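Shown next, in structure tokens, is the structure this report addresses.
What you see is a predicted model; the values in this text were computed from it and never measured. In what follows, chains are A, B, ... by sequence order, proteins preceding strands, each numbered from 1.
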Number of protein chains: 2
Amino acid sequence: MFELSQLRCFVAVAEELHFGRAALRLNMTQPPLSRQIQILERVLDVTLLERSNRAVRLTPAGQRFLADARHLLKLAESAAALARRVASGKAGSINIGFTATSAYSYVPALVAACRRELPDIEISLKEMVSSDQLKRLDSGEVDIGLLRPPIPRGNLSSFRVTAEPLVAALPGGHPLAQADQSRLEDLASEPFIMYEPYEARYFHDLLVELFSRASLVPNYVQHLAQIHSILAMVHSGVGVALVPETALNLRFSGVVLRPVLMQWQRPAELFFVWRSDNDNPLLPVIAGIARDLAARAGSIQSMDRSIQ
Amino acid sequence: MFELSQLRCFVAVAEELHFGRAALRLNMTQPPLSRQIQILERVLDVTLLERSNRAVRLTPAGQRFLADARHLLKLAESAAALARRVASGKAGSINIGFTATSAYSYVPALVAACRRELPDIEISLKEMVSSDQLKRLDSGEVDIGLLRPPIPRGNLSSFRVTAEPLVAALPGGHPLAQADQSRLEDLASEPFIMYEPYEARYFHDLLVELFSRASLVPNYVQHLAQIHSILAMVHSGVGVALVPETALNLRFSGVVLRPVLMQWQRPAELFFVWRSDNDNPLLPVIAGIARDLAARAGSIQSMDRSIQ
DNA sequence: TAGGTCGATACCTTTTTTGGATGGATCGGC
DNA sequence: GCCGATCCATCCAAAAAAGGTATCGACCTA
């Protein structure tokens with residue numbers, strides 16, 4: 001098979017229609033150029049150029065091949081450029097896993113920021129629970145996980161991107177909804193809609209600890225995994241619930257969210273997680289974007305909370 | 001810039017993920033293969049493969065480049081194949097000029113035969129009068145001319161593809177239309193629709209000679225270049241005319257065509273003409289098709305005439 | 001810790017490519 | 001019609017590149 005250097009030789013000769021000038025352009029002398037063209041023609045088994053002693057002309061096959069040669073050279077050039085861009089993290093693709101709850105606010109913000117700063121990358125998003133994300137991170141199916149603690153030791157790196165308080169979700173007409181804020185013990189005495197212990201393990205365990213520390217035993221009337229399902233239950237008066245503040249973004253009508261007074265509290269945290277040995281060049285870039293976003297969102301969040 | 005052989009090396013390694021096996025597949029030993037990959041990476045300035053001592057892995061940039069490398073190799077392959085096909089006359093493109101009259105029967109038959117036997121070629125057809133065709137043949141804008149004599153000496157080759165008698169074109173209700181055939185002197189005494197002496201010089205000169213040899217002086221009432229215009233005139237009763245037999249293919253209603261008895265006669269001839277030094281590989285192939293077609297059409301034509 | 005695997009390196013051999021000199025054909029001017 | 005100029009092809013010696021063998025070094029397994 002021929003080589004790209006031979007295509008460059010051929011294109012030069014085809015454009016100059018003169019071996020001497022073409023050789024000059026290629027920074028070589030004429031004899032090796034003649035030989036390269038001959039080799040190319042022998043490999044192809046096609047006469048590309050008609051050399052009368054006075055002029056060089058393209059044969060029809062040469063004309064056709066010239067177009068293809070130019071095309072190939074251009075493609076080779078852009079393949080190299082693309083590889084460089086991927087290596088430098090300006091292009092490429094990345095797989096991101098995220099939890100259902102993170103989709104309410106953080107994920108859209110992150111994706112928007114990436115699209116703005118890295119317009120040429122391809123982001124593939126997959127919603128899954130934290131434990132599945134950890135599995136896919138390990139297998140390499142997912143480059144970035146946006147998930148809830150705990151993060152196992154091992155070859156994973158991570159940093160926190162959101163930490164939001166839990167708020168009470170109350171039916172619009174509920175007596176507790178009249179006050180500006182609720183107390184945890186008031187919620188515990190109401191019918192309480194609880195998180196499903198496997199699908200929504202993080203929130204389940206978080207609430208269990210919360211009530212346990214406050215020595216409260218709530219009256220669980222329903223277990224659900226998805227926050228929007230919980231809010232729907234609250235809306236229809238089944239009970240009250242505790243949800244992360246980001247539930248505000250759902251704008252669920254007929255449900256009011258109120259800060260909750262707690263002695264001991266822990267925010268709902270979301271982490272940006274990746275395998276330390278993942279060499280996707282986009283990873284550090286996107287991690288940077290995610291970190292900036294977390295910092296900025298953190299300050300806005302606290303502002304929001306102060307004016308609320 | 002890199003070379004295609006390096007792409008082949010890279011694809012082999014990327015597919016085997018093992019330098020030793022890849023080298024085996026490439027019919028070489030492992031060290032030079034390692035070196036080629038290193039050169040490729042250095043030229044691109046991109047790490048394509050992650051070699052831990054236990055395993056070889058593609059980097060994201062390598063993954064992306066692998067797809068492009070495969071694509072490039074495939075394109076190179078097909079460019080070579082196409083060049084060979086063009087050189088052998090199985091593909092390519094050709095420019096054909098033809099006279100208006102030849103479009104009634106011979107050109108469509110020729111094009112159909114070419115499409116059948118050379119499905120991958122591109123035929124570009126341009127209608128023009130014979131003299132223009134000769135100019136374009138000379139300049140190389142046209143590869144094949146389908147034109148009327150005379151064909152000048154020089155570097156042109158040609159052969160005859162059709163030779164058809166002239167027939168009388170008569171209005172449907174005309175007294176001469178009653179007879180199975182007409183006599184030339186009958187036509188000469190009618191109002192006669194003549195060919196335009198420049199645009200349709202061949203037919204004009206042919207008829208002038210015809211009448212002159214028969215010592216007839218027709219009554220020219222109109223000069224026109226296009227046969228369909230002449231038939232339209234005949235149809236509307238302006239006069240009678242002499243047209244090549246192929247005018248049958250126009251199926252002009254209200255006009256009847258009748259053989260003409262003549263002492264001295266010469267058929268209307270169409271020639272397949274090309275520049276002897278034209279090296280388009282399609283030329284000999286299409287010339288062969290045209291010749292076959294002429295031979296076959298000739299016999300069919302004479303059959304047609306006998307049963308008419 | 002010994003043996004095996006696997007990619008990188010060192011070093012030598014072979015092949016390919018390069019470039020100057022030259023050949024041979026053709027064209028244009030005198 | 002001869003002479004010089006032009007231009008691509010060929011020849012040959014030198015340089016460069018690629019290939020092969022032996023070996024290294026890291027690492028994994030037993």
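Here dC8(D) presents its C1' atom at 14 Å from CG of L17(A), a figure rounded to the nearest Å. Rounded to an integer number of Å, the gap from CG of L24(A) to P of dC7(D) is 13 Å. Between R35(B) atom CZ and dG19(D) atom C1' there is a gap of 9 Å when expressed in whole angstrom units. Computed from coordinates, the I37(A) CD1 to dC7(D) P distance equals 17 Å when rounded to whole Å. In this structure, NE2 of H18(A) is placed 4 Å from P of dC7(D), rounded to the nearest angstrom. One interatomic measurement links the two molecules: CD of Q36(A) to C1' of dA16(D), which rounds to 13 Å at whole-angstrom precision. Following rounding to the nearest Å, I39(B) (CD1) and dA17(D) (P) show an atom-to-atom distance of 9 Å. Across the protein-nucleic acid pair, Q38(A) atom CD and dA9(D) atom C1' stand 7 Å apart, rounded to whole Å.
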Identify the pairs formed between an N or O of the protein and an N or O of nucleotides 21-29 of chain D at a distance under 3.5 Å, and give each distance.
from    : atom 1 : to     : atom 2 : distance (Å)
dA26(D) : O4'    : N53(B) : ND2    : 3.0

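Between V111(B) and L125(B), the closest heavy-atom pair is CG2-CD1, 3.8 Å. Considering every non-hydrogen atom in both E127(A) and T99(A), the closest pair reads CG-C, 4.2 Å. The heavy-atom pair separating R8(A) from F2(B) by the smallest distance is NH2-O, 4.2 Å. L293(B) and A109(B) make their closest contact through CD2-C, 3.5 Å (heavy atoms, listed as atom of the first residue, atom of the second, distance). Between I123(A) and C114(A) the shortest heavy-atom distance is CD1-CB, 3.6 Å.
Once rounded to the nearest 0.5 Å, the distance linking CZ of R84(B) with OG of S88(B) reads 10.0 Å.
Side-chain contact between E3(A) and S5(B) is present, with at least one heavy-atom pair separated by less than 4.5 Å.
The nucleotide range of DNA chain C contacted by chain A, defined by atoms under 4.0 angstrom from heavy atoms of the protein and reported 5' to 3', is dT17(C) to dC27(C).
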Step-by-step side-chain hydrogen bond (donor to acceptor under 3.5 Å, both in side chains) determination, S276(A) to N155(A): CA-CA 5 Å; S276(A) 315; N155(A) 59 351; 5.9 Å; no
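Residue pairs meeting the side-chain hydrogen bond (donor to acceptor under 3.5 Å, both in side chains) criterion with at least one member in residues 67-77 of chain A, sequence neighbours excluded: E15(A)-R70(A), R64(A)-D68(A).
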